[in-house]
Amino acid sequence: MEHAINFTSEHEKAGSGIDLQTSVVYITFALMGTCGNGLVLFVVASVRDLRDITNILIANQSLIDFTSSILLVVIFVVPLPPLPANVILARVLCGFWYTQYPYWVTYAASMANLTIMTFERYLAVVHPIQYRRRSSSRITNILVLIPWIFGCLQMGYLIPITEVDEGTCYRFLWLTKMMQPAIGIYTFFILLAVPFSLMTVLYCAIIKTLRKGLAPQDDKMSAVHHKADYRNRARRNIIRTMITLSVCYFLCYGPNITIYMIYCLGANIDLNGVEFYVTVCIAFINIWINPFVYALQYRKFQRGLKQVFGCSKPKN
């Protein structure tokens with residue numbers, strides 16, 4: 001068990017044993033994330049003008065962050081439950097809960113949803129005709145489910161590399177010597193390098209199309225519509241709001257993903273140490289920052305917010 005981490009000691013540190021300052025920070029982040037993302041979900045559900053595919057994906061992003069906010073307290077602040085005497089239940093609790101698996105599922109789901117949002121905007125701007133033909137409620141429902149499924153599968157490796165021995169939960173019991181560096185490199189590329197490169201390429205294509213003032217496959221009959229709609233709405237919605245969301249993700253989660261890869265490559269990094277938990281705390285910022293981005297940059301959400309609170313009347 002050279003690489004194993006005794007989760008009994010971590011239980012004391014991640015549960016009731018964490019210091020007061022850390023608990024206050026975690027609870028504050030969780031409250032901000034719950035209230036902010038809850039407000040976004042309420043506005044999107046209340047305003048009919050916000051029920052298109054773009055805003056449904058935004059609502060899904062808020063739902064992911066809302067779930068992360070709740071799990072932040074339940075997993076990282078509330079003391080971990082003791083392992084039951086039943087071997088099967090103890091094994092399930094060790095692999096599923098002691099590894100913080102539910103939270104890291106939302107971690108991966110957040111990235112997947114951002115990538116889908118980028119693809120959706122790319123198709124809407126660069127290939128508008130095909131986008132309109134293929135848009136449907138069925139496809140929207142599938143797009144909403146994909147991030148959650150991806151998160152569950154992506155973080156599934158956390159469960160089999162745990163073990164319960166004499167009432168103690170151990171994690172990171174790598175099955176082979178090659179599994180640890182392979183997981184680190186794979187996680188870095190799947191959750192950081194690949195989506196960052198892909199989003200960069202897609203946003204460059206979007207910006208190039210918007211600068212031309214006309215989608216390349218547009219027809220003459222709808223030229224005026226596309227100039228007014230895509231240049232004004234998509235430029236502000238995509239270039240400002242969506243890129244800001246993506247930058248926030250990579251700035252918040254980048255340090256944690258990077259240090260985890262370094263650990264998996266064999267560096268002497270304590271996953272219960274200060275350095276790792278600083279990167280975790282930075283990652284937690286991403287669960288509450290997106291609603292501020294919507295409120296400050298996304299004009300359609302601003303109008304919906306005013307409408308919900310009676311500051312403006314809905315359009316006919």
Side-chain angles (χ1 to χ4, degrees), residues 21-47 49-73 76-77 103 106-118 120-121 144 147 191-192 195-196 199 203 206 232-257 278-312:
Q21 292 84 351
T22 303
S23 297
V24 171
V25 171
Y26 285 3
I27 293 174
T28 301
F29 282 5
L31 288 175
M32 294 173 64
T34 303
C35 295
N37 290 291
L39 177 61
V40 174
L41 291 171
F42 178 73
V43 171
V44 173
S46 302
V47 179
D49 194 37
L50 294 176
R51 295 178 188 174
D52 54 31
I53 183 172
T54 302
N55 290 286
I56 290 176
L57 291 176
I58 288 178
N60 196 42
Q61 188 71 29
S62 292
L63 180 61
I64 293 171
D65 293 337
F66 182 86
T67 306
S68 298
S69 302
I70 296 175
L71 292 173
L72 174 56
V73 173
F76 290 89
V77 177
Y103 177 82
T106 63
Y107 185 115
S110 179
M111 180 282 301
N113 196 73
L114 278 175
T115 305
I116 290 174
M117 289 167 66
T118 305
E120 186 270 337
R121 287 292 83 199
V144 168
L191 296 184
L192 191 68
F196 177 79
M199 289 182 192
Y203 280 127
I206 291 171
N232 295 327
R233 180 170 62 90
R235 176 172 291 174
R236 291 171 182 155
N237 181 31
I238 302 167
I239 296 181
R240 296 180 59 189
T241 306
M242 299 301 182
I243 291 181
T244 302
L245 295 180
S246 300
V247 170
C248 289
Y249 171 87
F250 291 115
L251 289 179
C252 292
Y253 284 128
N256 182 256
I257 297 174
V278 166
T279 65
V280 172
C281 193
I282 295 174
F284 288 159
I285 296 176
N286 196 71
I287 68 177
W288 55 261
I289 197 171
N290 288 349
F292 289 94
V293 176
Y294 303 142
L296 294 175
Q297 292 190 348
Y298 190 24
R299 292 192 175 182
K300 200 170 185 179
F301 177 78
Q302 293 171 350
R303 292 194 298 267
L305 194 62
K306 293 177 181 179
Q307 182 178 327
V308 167
F309 288 97
C311 299
S312 65

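By convention here, the first residue in the shown sequence is residue 1.
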Identify the heavy atoms of I287 and F284 that sit nearest to each other, and give their distance. CG1-O, 2.9 Å
Can you give me the closest heavy-atom contact between M111 and M199, atom names plus distance? O-CE, 4.2 Å
With side-chain contact (heavy atoms from CB on, under 4.5 Å) as the criterion, how do V308 and L39 come out once you've worked through the C-alpha distance, each side chain's angles and the decisive distance to 0.1 Å? CA-CA 10 Å; V308 167; L39 177 61; 5.9 Å; no
Nearest 0.5 angstrom please: T28 OG1 to L72 CG, how far? 10.0 Å
Can you tell me how far the CZ atom of R121 sits from the CE atom of M117, to the nearest 0.5 Å? 9.5 Å
Return the minimal non-hydrogen interatomic distance between A45 and R51, and the atom names on each side. O-NH2, 2.8 Å
Sub-6.0 Å ring centroid separation between F196 and Y253: no
For T279, the side chain to side chain donor-acceptor pair (under 3.5 Å) test, sequence neighbours excluded, returns N256
For residues V47 and G304, report the shortest heavy-atom separation together with the two atoms involved. CG2-O, 3.6 Å
At their closest point, which heavy atom of K300 faces which heavy atom of L50, and how far apart are they? CG-CD2, 3.6 Å
List the steps, then state whether side-chain hydrogen bond (donor to acceptor under 3.5 Å, both in side chains) holds for N55 with Y294. CA-CA 11 Å; N55 290 286; Y294 303 142; over 6 Å; no
N/O donor to acceptor pairs below 3.5 angstrom from side-chain atoms of residues 62-69, sequence neighbours left out:
residue	atom	partner	partner atom	Å
S62	OG	I58	O	3.4
D65	OD2	N290	ND2	3.1
T67	OG1	L63	O	2.8
S68	OG	I64	O	3.0
S68	OG	T106	OG1	2.7
S69	OG	D65	O	2.8

If you round to the nearest 0.5 Å, how far is CZ of F292 from CD of Q297? 13.5 Å
To the nearest 0.5 angstrom, please state how far the CG atom of L57 sits from the CD atom of E120. 5.5 Å
Taking P147's backbone N and O only, do any of them form a donor-acceptor pair with N113's side chain (distance below 3.5 Å, no angle check)? no
Evaluate the ring planes of F29 and W288, with Trp represented by its six-membered ring, and classify them as parallel (under 30°), tilted (30 to 60°) or perpendicular (over 60°). tilted
Here the pair of heavy atoms bringing G254 nearest to L192 is CA-CD1, 3.9 Å
So, the side chain of N37 versus the backbone of G33: is there a donor-acceptor pair under 3.5 Å, distance only? yes
Between CG of L191 and CZ of F250, what distance do you get to the nearest 0.5 Å? 10.0 Å
Is the closest side-chain heavy-atom distance between P195 and L114 below 4.5 Å? no
CE of M242 to CD1 of I206: how many Å apart, nearest 0.5 Å? 9.0 Å
How are the rings of Y103 and Y107 set relative to one another: parallel (under 30°), tilted (30 to 60°) or perpendicular (over 60°)? perpendicular
Is any side-chain heavy atom of I56 closer than 4.5 Å to a side-chain heavy atom of V44? no
